[in-house]
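Keep in mind it's a predicted model, so treat the numbers as computed, not measured. Chain A is the first sequence line, chain B the second, and so forth, proteins listed ahead of strands; every chain is numbered from 1.
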Amino acid sequence: MIQIKDFKNYEEKVIETQGWVTNRRSSKGLEFLILRDGSGFAQCIVSKDDVSDDVFNVAGRLTQESSVKLKGKVVKDEKQIGGFELHVSEIKLIGTSVDYPITNKEHGIEFLMDNRHLWLRSKRQWAVLKIRNRLIYAINNFFQKEGFVQTDSPIFTPNAAEGSTTLFSSKFYDDDAYLAQTGQLYGEAMAMAMGKIYTFGPTFRAEKSKTRRHLSEFWMIEPEMAFYDNDMNMDLIEKFIKYIVKDVLENCETQLEMLNRDITVFKNIISEKFPRLTYDEAVEIIKGKKKINGKTSIEVLENDLIQIKNKIEDCNTEITEKEKIIAGGVKKGKRNFLQNRIDTLKNDIRKLEIKASNIPKWIESAANFEYGNDFGGSDETVITRMFDVPVMVYNWPHQIKAFYMKRDNENPELAKGVDVLAPEGYGEIVGGGERETDLNLLLSKIEEHNLPMKEFEWYLDLRKYGSVPHAGFGLGLERTVAWICGTQHIRETIPFPRYYGRLRP
RNA sequence: UCCUCCUUAGCUCAGUUGGUUAGAGCGUCGGACUGUUAAUCCGCAGGUCCUAGGUUCAAGUCCUAGAGGAGGAGCCA
């Protein structure tokens with residue numbers, strides 16, 4: 001049994017393969033089946049001249065998503081995505097499929113999410129999940145090669161590690177328990193045992209966020225390194241991101257093409273150094289006081305607004321033109337084609353208008369940004385808009401960062417944290433920093449944050465017995481997948497997403 | 001928690017200032033066509049206009065409440 005991805009090794013050979021019929025088109029004497037088998041997609045042709053009447057009739061009755069076993073010859077065809085098609089000689093129906101709900105037409109997001117268990121079979125979803133898989137592989141490869149030990153952290157926890165975000169509550173026998181929102185504190189303990197470690201597991205946050213960047217259940221990679229300061233941490237983050245991006249680029253060409261992802265942007269990410277901005281510099285950029293490439297953020301945004309308005313204008317002009325042609329009377333096929341184009345343009349206009357209405361708000365909130373605050377979504381967009389590679393922001397005001405963040409010796413107002421912001425509005429993909437080693441500072445911070453001291457006694461032990469400088473970070477897997485795939489929404493980057501309002505299927 | 005928008009055929013959506021029997025495309029089914037890329041063409045079937053109440057001679061359309069959904073804000077990876 002040959003998989004579709006291996007067709008290229010069997011040119012002009014007769015093989016057997018099996019999979020699902022994802023689409024069928026027919027002409028007189030010809031049936032075109034699009035077969036998928038999880039390894040890829042391939043067009044399979046059944047010609048009346050080449051097969052028995054029985055086989056041809058079976059082919060003509062195949063419905064979307066029926067499963068089949070096929071025998072046929074692999075033939076080169078430049079027009080096909082994989083470059084090869086199958087000339088079928090025999091068909092065996094394995095399982096029938098009646099009234100498959102997801103058709104080749106557009107569907108609304110609610111319908112697709114209700115049918116997520118079937119939506120996963122679609123081309124786009126397949127491509128995204130293949131890339132997710134490759135990313136996970138690359139992440140493990142990177143850390144293993146760098147001498148890290150994978151050590152996992154518990155999911156049931158008795159405490160709120162950062163005290164900031166909302167937790168899902170649960171029961172652990174008779175005790176109250178929560179689902180972990182990070183494994184970091186455990187990671188620190190393990191780094192003191194193993195040197196360099198990483199955890200890779202699910203984390204849970206009960207934030208009632210309804211945005212394209214949020215999930216209630218998501219996977220996080222959290223490395224923690226003994227004897228690292230924040231500069232070493234940032235070096236590692238940069239090397240790591242470059243490695244995984246390069247790996248996906250090299251191994252998922254087909255999938256990125258299916259997703260229509262513009263990969264030229266990734267070339268820079270591999271070759272260019274990521275900008276490292278202090279919080280102070282980032283604030284200057286947000287407020288429009290510091291120029292990047294000769295322009296302030298406000299000038300860039302104002303220019304964006306003009307360009308968006310021009311684009312809307314162009315779309316409207318094209319719509320008017322196309323509508324005139326339709327009104328003039330054309331054949332049905334041509335009319336459908338034009339109508340589809342008009343629908344696409346109208347959709348584009350809707351998105352552009354949302355953007356256009358957001359930009360003045362961004363400019364306003366950027367101009368009024370108050371030093372000492374954390375960045376909001378729009379502030380992140382403003383900063384990343386100025387660069388075409390991920391941006392690292394470090395040295396944050398200590399008040400807005402977690403209790404365990406290391407204070408800067410030279411400026412005690414600052415904490416040695418680092419956030420990495422992905423380009424194109426995909427937001428914060430990495431958060432991390434150097435950890436506080438001073439026992440007394442930690443004690444006062446825990447009190448300041450009103451955290452239950454009792455739950456942190458074990459953590460404080462790490463500072464009593466051979467405390468060393470150490471640092472680490474957390475990478476959100478789904479946000480990274482979303483960024484690399486260029487998906488509109490993070491919910492497409494995990495097989496069965498859990499987010500506010502979505503628990504099933 | 002707040003703001004904006006949406007709910008009409010299996011799916012995606014039109015439906016004008018309230019007005020007679022609610023429309024289209026896709027999908028299904030039947031037929032035509034020898035290379036299609038969401039094929040195309042012809043035809044059949046398919047409706048509790050989200051729910052409840054109200055205004056009106058008359059409500060898919062207006063008003064009120066509720067349910068479900070989408071986008072954004074805050075919070076964050």
Side-chain angles (χ1 to χ4, degrees), chain A residues 22-34 41 43-49 61 63-64 75 77 79-81 85 87 98-115 122-123 162 164-166 181-182 184 202-222 331-337 339-340 343 346-347 350-351 353-355 357-358 361-362 365 373-378 380 400 402 419-422 426-432 473-483 488-491 493 500-502:
Chain A
T22 182
N23 196 15
R24 177 172 64 86
R25 291 179 289 272
S26 57
S27 276
K28 173 150 184 147
L30 280 173
E31 293 289 343
F32 299 91
L33 312 174
I34 306 299
F41 292 78
Q43 172 164 282
C44 303
I45 291 163
V46 189
S47 167
K48 206 175 168 73
D49 299 338
R61 284 200 307 273
T63 51
Q64 201 184 349
V75 175
D77 183 3
K79 278 180 286 185
Q80 304 308 319
I81 266 199
E85 62 180 22
H87 289 196
V98 180
D99 294 333
Y100 185 70
I102 300 177
T103 64
N104 279 324
K105 255 290 191 170
E106 270 180 56
H107 296 285
I109 196 65
E110 186 188 1
F111 177 79
L112 289 172
M113 281 311 309
D114 284 345
N115 288 287
S122 304
K123 249 182 198 170
E162 302 184 17
S164 56
T165 51
T166 326
Q181 52 160 343
T182 168
Q184 189 212 302
T203 45
F204 307 88
R205 298 194 185 172
E207 294 156 353
K208 291 183 177 173
S209 306
K210 284 171 73 76
T211 83
R212 66 181 58 156
R213 300 190 303 276
H214 284 86
L215 290 170
S216 307
E217 179 181 310
F218 64 97
W219 287 67
M220 194 152 64
I221 298 92
E222 295 184 281
K331 269 197 204 163
K332 204 169 175 184
K334 177 88 173 164
R335 193 180 72 208
N336 285 343
F337 179 78
Q339 193 57 51
N340 283 341
D343 293 347
K346 281 186 177 168
N347 207 0
R350 235 170 282 151
K351 281 182 198 160
E353 275 173 348
I354 290 171
K355 242 185 159 179
S357 69
N358 277 336
K361 288 185 214 159
W362 293 351
S365 91
N373 284 350
D374 204 348
F375 297 154
S378 76
E380 288 179 0
I400 55 172
D419 282 1
V420 180
L421 309 175
Y426 283 97
E428 188 184 338
I429 52 169
V430 167
F473 64 92
L475 173 97
L477 178 67
E478 286 77 13
R479 281 195 184 170
T480 310
V481 176
W483 165 51
Q488 184 68 29
H489 199 292
I490 195 165
R491 70 187 146 216
T493 62
Y500 187 54
R502 176 61 62 178

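For the pair A/I490 and A/R212, the minimum side-chain heavy-atom distance is 4.5 Å or more. A/H214 has its side chain within reach of A/R479: a pair of non-hydrogen atoms, C-beta onward, lies under 4.5 Å apart. A/V430 is not listed as a side-chain neighbour of A/D419, based on a closest heavy-atom distance of 4.5 Å or more. A 4.5 Å side-chain heavy-atom check between A/F111 and A/P101 finds at least one atom pair inside the cut-off. Within the 4.5 Å cutoff, no side-chain heavy atoms of A/W219 are placed close to those of A/T203. Side chains of A/R24 and A/Q64 form no contact here, defined as non-hydrogen atoms less than 4.5 Å apart. Considering only heavy atoms from C-beta on, A/Q181 stays 4.5 Å or farther from A/T166 through its side chain.
In this structure, A/E222 atom CD and B/A77 atom P are separated by 9 Å, rounded to whole Å. One atom, CG of A/D114, and another, C1' of B/U7, lie 14 Å apart when rounded to the nearest Å. One can place CG of A/L421 at 14 Å from P of B/C76, the figure rounded to the nearest angstrom. Between A/K208 atom NZ and B/C76 atom P the separation is 17 Å, expressed in whole Å. To the nearest angstrom, P of B/U28 lies 8 Å from CZ of A/R24. Residue A/I34 contributes atom CD1, which lies 11 Å from atom C1' of B/A39 at whole-angstrom precision. As rounded to whole Å, 13 Å separates atom C1' of B/C75 from atom CG of A/N373. In this structure, the CZ atom of A/F32 is 13 Å from the P atom of B/A38, given to the nearest Å.
Counting non-hydrogen atoms under 4.0 angstrom, A/S26 reaches a base of the nucleic acid. At a threshold of 4.0 angstrom between heavy atoms, the contacts of A/F111 are confined to the sugar-phosphate backbone, with no base atom among them. Across all strands shown, A/G501 has heavy atoms under 4.0 Å from sugar-phosphate atoms exclusively, and none from any base. Note on A/V98: nothing from the nucleic acid sits closer than 4.0 angstrom, heavy atoms only. Among the atoms of the strands shown, none is found under 4.0 Å from any heavy atom of A/E217. The residue A/G29 sits apart from the nucleic acid: no heavy atom pair falls under 4.0 Å. Within 4.0 Å (heavy atoms only), A/H489 reaches sugar-phosphate atoms of the nucleic acid but no base atom. No contact: A/L477 has no heavy atom under 4.0 Å from any strand. Within the 4.0 angstrom heavy-atom criterion, base atoms lie near A/D49. Counting any heavy atom pair closer than 4.0 Å across all strands shown, A/N115 reaches no nucleic acid atom.
Which of B/U36, B/A38, B/C75 sits closest to the side chain of A/Q43 comes down to B/U36. Closest to the side chain of A/E380, out of B/C76, B/U12, B/U36, is B/C76. You'll find that the side chain of A/D99 is closest to B/U28, out of B/U28, B/C75, B/U1. Closest to the side chain of A/R25, out of B/U28, B/U36, B/A70, is B/U36. With B/G71, B/C75, B/G35 as the choices, the nucleotide that has an atom nearest any side-chain atom of A/K210 turns out to be B/G71. Nearest nucleotide to the side chain of A/R212, out of B/A77, B/U12, B/G71: B/G71. The nucleotide whose nearest atom lies closest to any side-chain atom of A/L30 is, among B/U12, B/U34, B/G74, B/U34. Here B/C76 is the nucleotide among B/C29, B/U12, B/C76 with the atom lying nearest to any side-chain atom of A/E207. Checking B/G71, B/G69, B/A77 against the side-chain heavy atoms of A/E110 singles out B/G69 as nearest. Of the candidates B/C76, B/U36, B/C11, B/C76 carries the atom nearest the A/R479 side chain, counting heavy atoms from C-beta on.
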Query raised in the report: Going through the checks in order, is the side-chain contact (heavy atoms from CB on, under 4.5 Å) test met by A/I429 and A/W483?
Result: CA-CA 9 Å; A/I429 52 169; A/W483 165 51; 4.1 Å; yes

*Can you check side-chain contact (heavy atoms from CB on, under 4.5 Å) on A/D114 and A/R502, steps first, answer last?*
CA-CA 9 Å; A/D114 284 345; A/R502 176 61 62 178; 2.9 Å; yes

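Using a 3.5 Å distance cut-off with no hydrogens or angles, the side chains of A/H107 and A/T103 do pair a donor with an acceptor.
Nucleotides B/U56 and B/G46 have their P atoms positioned 37 Å apart, rounded to a whole Å. Nucleotides B/C11 and B/C49, compared at atom P, are 15 Å apart to the nearest Å. Nucleotides B/C41 and B/G54, compared at atom P, are 48 Å apart to the nearest Å. A distance of about 36 Å separates the C1' atoms of B/U36 and B/A22, rounded to the whole Å. Here, B/A65 and B/U12 have their P atoms 28 Å apart, quoted to the whole Å. Between B/C2 and B/G74, the two C1' atoms lie 9 Å apart (nearest whole Å). Of the C1' atoms belonging to B/C42 and B/A70, the separation is 38 Å, rounded to the nearest Å. Nucleotides B/G47 and B/C13 are separated by 15 Å at their C1' atoms, to the nearest Å.
A 3.5 Å limit on both hydrogen-bonding distances identifies B/C57 as the Watson-Crick or G-U partner of B/G19. Base pairing of B/C50 is made with B/G66, judged by Watson-Crick or G-U wobble geometry with both donor-acceptor distances under 3.5 Å. Nucleotide B/C41 has B/G31 as its partner under the Watson-Crick or G-U criteria, with both atom distances under 3.5 Å. Remark: B/C26 base-pairs with B/G10. Criterion, Watson-Crick or G-U wobble with two distances under 3.5 Å. As the counterpart of B/G71, B/C3 is assigned, both hydrogen-bonding distances of the Watson-Crick or G-U wobble pattern falling under 3.5 Å. Nucleotide B/C76 has no partner under the Watson-Crick or G-U criteria, as no pair reaches both atom distances under 3.5 Å.
Within the 4.0 Å cut-off from OP1 or OP2 of B/G68, not a single side-chain nitrogen or oxygen of A/R502 is found.
Residue A/E31 places no side-chain atom within donor-acceptor reach of the base of B/G35, judged by atom type and a 3.5 Å distance cut-off alone. Within 3.5 Å, no donor on the side chain of A/T103 pairs with an acceptor on the base of B/C26, nor the reverse.
Summary of the strand contacts: A/L112 and A/L475 both lie near RNA chain B, and taking for each the nucleotide with the nearest heavy atom, the more 5' one is attributed to A/L112. Between A/R61 and A/H214, the residue whose closest nucleotide on RNA chain B is further toward the 5' end is A/R61.
Residue ring and nucleobase are stacked for A/F218 and B/A77, with a centre distance beneath 5.5 angstrom and an angle between planes beneath 30°.
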